[in-house]
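Report on one structure; see the data block that follows.
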Number of protein chains: 2
Amino acid sequence: MSRPTIAAVARAAGVSVASVSRVLNGLPATEEMAERVQRAVAELGYVPDSRARSLKVGRTFQLTLAVADVGNPVYVTMMRAVEEVVSAAGYRLVVTTTGPDVVDEVALVRGMARGYADGLVISPLRVDDDLIKSIQECDVPVVVAGNVPARAGVDTVRANSPKGMLLAVEHLLTTQRHKVAFVNGPVDTVPGTARSKGFTDAMKANSLNPVAQVEADDFTFAAGREAGRRLLDQLGLETTQPSAEGARAPGGEASSPSSFPAAGGGGIDAVIAANDLLAVGVMHELAARGLRVPDDVAVIGMDDSELAEQSFPPLTSVNLGSAERGRRAAELLLARIEDDTRTPRRIVVQPSLSVRRSS
Amino acid sequence: MSRPTIAAVARAAGVSVASVSRVLNGLPATEEMAERVQRAVAELGYVPDSRARSLKVGRTFQLTLAVADVGNPVYVTMMRAVEEVVSAAGYRLVVTTTGPDVVDEVALVRGMARGYADGLVISPLRVDDDLIKSIQECDVPVVVAGNVPARAGVDTVRANSPKGMLLAVEHLLTTQRHKVAFVNGPVDTVPGTARSKGFTDAMKANSLNPVAQVEADDFTFAAGREAGRRLLDQLGLETTQPSAEGARAPGGEASSPSSFPAAGGGGIDAVIAANDLLAVGVMHELAARGLRVPDDVAVIGMDDSELAEQSFPPLTSVNLGSAERGRRAAELLLARIEDDTRTPRRIVVQPSLSVRRSS
DNA sequence: TTGAAAGCGCTAACAC
DNA sequence: GTGTTAGCGCTTTCAA
């Protein structure tokens, strides 16, 4: 038995389809009419087809959130925030994953023309002219949670990475750390570029020279660990442990009661990582080499995701406002759906530092 | 300027809409016809409306995956597996979050009647008769990644928690741990129930008595930490550290060269947690009380999610086959979409143990 | 207030 | 091989 249609309901209620539609949409009708329709609806278990409806009204009341990697906890925070805003506005949120390639992002945006949703929040890892063009030409409103050139003329809400980097570097200085290394993600990504420049500027602003810099292949834990390996190799820090079994904890007891940097960091006393996953990967590699966090090396991540509290030791992390970015992005999208003529806004969310035990 | 329709393309190409449709769907047409249509499509940037299409053909070529909590890393693994299978089959996957309440799950399943997708994979946290009923009556195929009664007659693929618990307990015995505590999630959930029974049986089978058992409010890190707090309070283990600053690492250096349990666990030498998030929460609480993992207390999680490798020390975890469950669930769904008359299958995925440093 | 009917954009008979 | 047309399920004029 197939799904009942509005016609079936009309027949069962002995009224016209128009009346059923009206009752269902809360338009004026007599008490009795409403009653009869409701009964028929309940009896048949009728549920309106959203495709047919949206074909007619031109809206789906669905919104899409596209992220590159569901495994990145920063997106969890963002998803939650977006979900909250859009569901309060009566929209359904669906999440899709694009993967790391810009071509897939472009395909996703182009695909929106198929009418899947009334709007899109996209947090692109990589941006090129094709992507910008696809966003500009998109049939539904798009807001970018990330950084695209102002001339693109699209709504964006982005983090302030340079400011965030400044917070990180200044925190390190305050805690007497001067020999800092930087583990970035792929520099051909939007966040990778921003972090790179931010780090360089922040160091310069504090008259510091980076001791070392490496670039991970990806914004993932595995890539972070691998990058940490390269970093420490580069610094001439061989693995000190005879076996994995005996590897020391990153948060092992301090060798001295104070929290001043101990020797043994092999030329560095701090690492800043471009996100939390990378930071945790680096901490694992430090531990594998017998280096303690924060005693030998302080570690700072970025994003202040759930992983930062879950990691051990808990990770000091630059809060780039992912929840607020999600919220603002959702609000921007809703506003643009409401009024497509408003001039594009570019919102920048300010960072803060969540100091935990890794620094 | 609004989106071009198939009629606009037909006009531009000087052919009929039927011909455009045919070319677009790869049906026989002359070289020249194909050419003209393709050109017009490219010129206008035409993209077919999937709503109109699916209204006509009765299929959306979208599949939905519904999970309770995007923040739980086990779902990340599952999502990836499902995505892989369905996209290979030419379907688009959309993910939605239900939250922890069964009523929202029911609403989700009922809502599928609106025609959002051709099928649903749902991993319900809580199951009641309403939910089962909604699944049975659902207009589109549903496969449950989790446990529902056999009499429900729905396709399911589930984990073997009891077997997994057995692996965990036996591993502890092998490593000379006998005083084990259990940190479960809410027992009114599907996994909570399964883990509870599994743990009890596994202990009994090995002639072991649980030293303590606590139930977390949720399958989250925060709830795990809180449950750990209650557990250790219950065992009379006061916080030994004067300040948070000096808390010891869970993976601190062993006090003896062997890996035999040291004293200091306050009546326990092992904790099994119902999932990885809970396990990590417990590890944090252990650390806060100066207890070392695994030296004082071994910790075993379940799910073997990405978090298990990311945690420190890396978490021994029961692999409940979330990737395979995702894969099989997706395959089951595809098969049922293909043939709705096949008898429901109930697949059980066997667990394995991923031994890491926490035990 | 209610009903009849047009039409959203597409596909699939059916006729040529 | 191609064009005409009915109709998927719904909403919304327009008349009554």
Side-chain angles (χ1 to χ4, degrees), chain A residues 1-38 40-41 44-62 111-118 139-140, chain B residues 1-41 44-62 90 111-118 139-140:
Chain A
M1 184 193 86
S2 185
R3 309 169 38 181
T5 69
I6 197 172
V9 175
R11 216 174 305 122
V15 303
S16 74
V17 293
S19 295
V20 177
S21 175
R22 276 192 216 97
V23 170
L24 260 29
N25 291 300
L27 297 175
T30 58
E31 187 98 347
E32 202 224 324
M33 171 63 81
E35 170 95 9
R36 296 175 67 168
V37 170
Q38 304 287 18
V41 164
L44 299 179
Y46 170 75
V47 178
D49 186 313
S50 72
R51 293 164 300 184
R53 179 166 208 280
S54 77
L55 187 58
K56 186 68 192 164
V57 303
R59 301 179 66 172
T60 62
F61 295 97
Q62 290 199 215
M112 292 306 290
R114 293 174 186 278
Y116 293 134
D118 298 339
D139 304 270
V140 299
Chain B
M1 183 192 85
S2 184
R3 306 169 40 182
T5 70
I6 197 171
V9 176
R11 215 174 308 120
V15 302
S16 74
V17 292
S19 293
V20 176
S21 176
R22 276 191 216 100
V23 170
L24 259 30
N25 291 298
L27 297 175
T30 58
E31 186 95 348
E32 201 225 324
M33 172 65 79
E35 170 94 7
R36 294 176 69 168
V37 170
Q38 304 288 19
R39 192 187 349 268
V41 164
L44 299 179
Y46 169 74
V47 178
D49 186 315
S50 73
R51 295 164 301 186
R53 179 167 207 280
S54 77
L55 186 58
K56 183 69 193 164
V57 303
R59 301 179 66 172
T60 62
F61 295 96
Q62 289 199 216
M112 292 306 290
R114 292 174 186 278
Y116 293 133
D118 298 338
D139 304 272
V140 299

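Each chain gets a letter, A, B and so on, in the order the sequences are listed, and its residues count up from 1. Hydrogens, waters and symmetry mates are skipped; everything else that's a heavy atom, side chains included, is used. Note that the structure is predicted; figures quoted are calculated from it, not measured.
- Residue contacts shown for A29(B) are limited to sugar-phosphate atoms, with no base heavy atom under 4.0 Å away.
- Between V140(B) and Y116(B), every side-chain heavy-atom pair lies at or beyond the 4.5 Å cut-off.
- For the pair P48(B) and R114(A), the minimum side-chain heavy-atom distance is below 4.5 Å.
- Distance from the side chain of A18(A) is smallest for dA5(C) among the nucleotides dA5(C), dC10(D), dT4(D).
- Side-chain N/O atoms of S16(B) include one lying less than 4.0 angstrom from OP1 or OP2 on dG3(D).
- Listed nucleotides: dG3(C), dT4(D), dC10(D). Nearest to the side chain of M33(A): dG3(C).
- Mapping G14(A) and N25(B) onto DNA chain C by nearest heavy atom places G14(A) at the nucleotide closer to the 5' end.
- Not one side-chain nitrogen or oxygen of T5(B) sits closer than 4.0 Å to the OP1 or OP2 atom of dG9(C).
- The shortest distance between side-chain heavy atoms of R59(B) and S54(B) does not fall below 4.5 Å.
- Using a 4.5 Å heavy-atom threshold, the side chains of Y46(A) and R3(A) count as separate.
- Nucleotide dG7(C) holds its C1' atom 16 Å from the CD1 atom of I6(B), rounded to whole Å.
- Using a 4.0 Å heavy-atom criterion, one finds that S19(B) contacts the sugar-phosphate atoms exclusively.
- One finds a side-chain N or O of T30(B) lying less than 4.0 angstrom from the OP1 or OP2 phosphate oxygen of dT2(D).
- If you check distances only, the side chain of R22(A) does reach the base of dG3(C) with a donor-acceptor pair under 3.5 Å.
- Atom CG of L24(B) and atom C1' of dT11(C) are 11 Å apart (whole Å).
- Listed nucleotides dT5(D), dT2(C), dG9(C) differ in distance to L55(B); the shortest reach to its side chain belongs to dG9(C).
- Comparing dT4(D), dT11(D), dC10(C) by their nearest atom to the side chain of V57(A) picks out dT11(D).
- Comparing dG1(D), dG3(D), dA12(C) by their closest approach to the side chain of V15(B) singles out dG3(D).
- Of the candidate nucleotides dG3(D), dC10(C), dC8(C), dC8(C) has the atom nearest to the side chain of K56(A).
- Between M33(B) and V15(B) the shortest side-chain heavy-atom distance falls below 4.5 Å.
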